[in-house]
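Computed from heavy atoms alone, side chains included, the values below leave out hydrogens, waters and symmetry copies.
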Amino acid sequence: QVQLQESGPGLVKPSQTLSLTCTVSGTWITSGHYYWSWIRQPPGKGLEWIGAIFNDGSTAYAPSLKSRTTISRQTSKNQFSLHLNSLKPEDTAIYYCAAFDGSTWSINGYNYWGQGTQVTVSS
C-alpha cells in the first residue's frame, strides 16, 4: 500500500524559501509507472498543481510557478522535496504531495495523497 507523508515548516516569512519533503512508503519513487507531484490548495480555492518529478528524475512545473520552483528527490530515503522561493502571502495554502500510477481510478487525478500540511506565509 502506497503512503505519502508531507513534512516541513508551518509558518514561513515572505521572500524566504519554503522547503517541504514527501516521504513515500509502499513503493520506490524510481518505479517506472508512477509520477510524483506537489499540489496546493489556498483557503477557499481549488487545487493547484505545482509540479512533478518522474521516475527518471526529470521534472515539470506549472508555468506560473516554474521560475521559483524546484522539485528534487532523495532516492536513498525514498523522498522527494519541494522548494518554492520568493514566498508571498498568496502562497499560503495546504500543500499536498500525491502520486499517480496510471490506474483507471483516481481522486482528483491521483491515486495516492498525503494528508496535506498547512503552510502560512506571514511576517
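With sequence neighbours left out, the side-chain hydrogen bond (donor to acceptor under 3.5 Å, both in side chains) criterion links Thr30 to no other residue. In terms of the side-chain hydrogen bond (donor to acceptor under 3.5 Å, both in side chains) criterion, Arg73 has no residue partners (sequence neighbours excluded). For Leu47, the side chain to side chain contact (heavy atoms under 4.5 Å, CB included) test picks out Ile39, Gln41, Tyr96, Asn108, Trp113, with sequence neighbours left out. Not counting sequence neighbours, the partners of Thr27 by the side-chain hydrogen bond (donor to acceptor under 3.5 Å, both in side chains) test are Ser31. For Thr117, there are no side-chain hydrogen bond (donor to acceptor under 3.5 Å, both in side chains) partners, not counting sequence neighbours. For Gln16, the side chain to side chain contact (heavy atoms under 4.5 Å, CB included) partners at least two apart in sequence or on another chain are Lys13. Under the side chain to side chain contact (heavy atoms under 4.5 Å, CB included) criterion, Gln115 pairs with Gln5, Glu6, sequence neighbours left out. Residues meeting the ring-ring contact (aromatic ring centres under 6.0 Å, His included) test with Tyr112, sequence neighbours left out: none.
Listed by first and then second residue, the disulfide bond (SG atoms under 2.5 Å apart) pairs involving residues 65-123 are Cys22-Cys97 (not counting sequence neighbours). Sequence neighbours left out, not one pair with a member in residues 35-72 passes disulfide bond (SG atoms under 2.5 Å apart). Among residue pairs with one or both ends in residues 45-93, those qualifying as ring-ring contact (aromatic ring centres under 6.0 Å, His included) are Tyr35-Phe54, Trp36-Phe80, Trp38-Phe80; sequence neighbours excluded. Here salt bridge (Lys or Arg N to Asp or Glu O under 4.0 Å) pairs that include residues 86-97, with residues two or more places apart or in two chains, are Arg40-Asp91, Arg68-Asp91.
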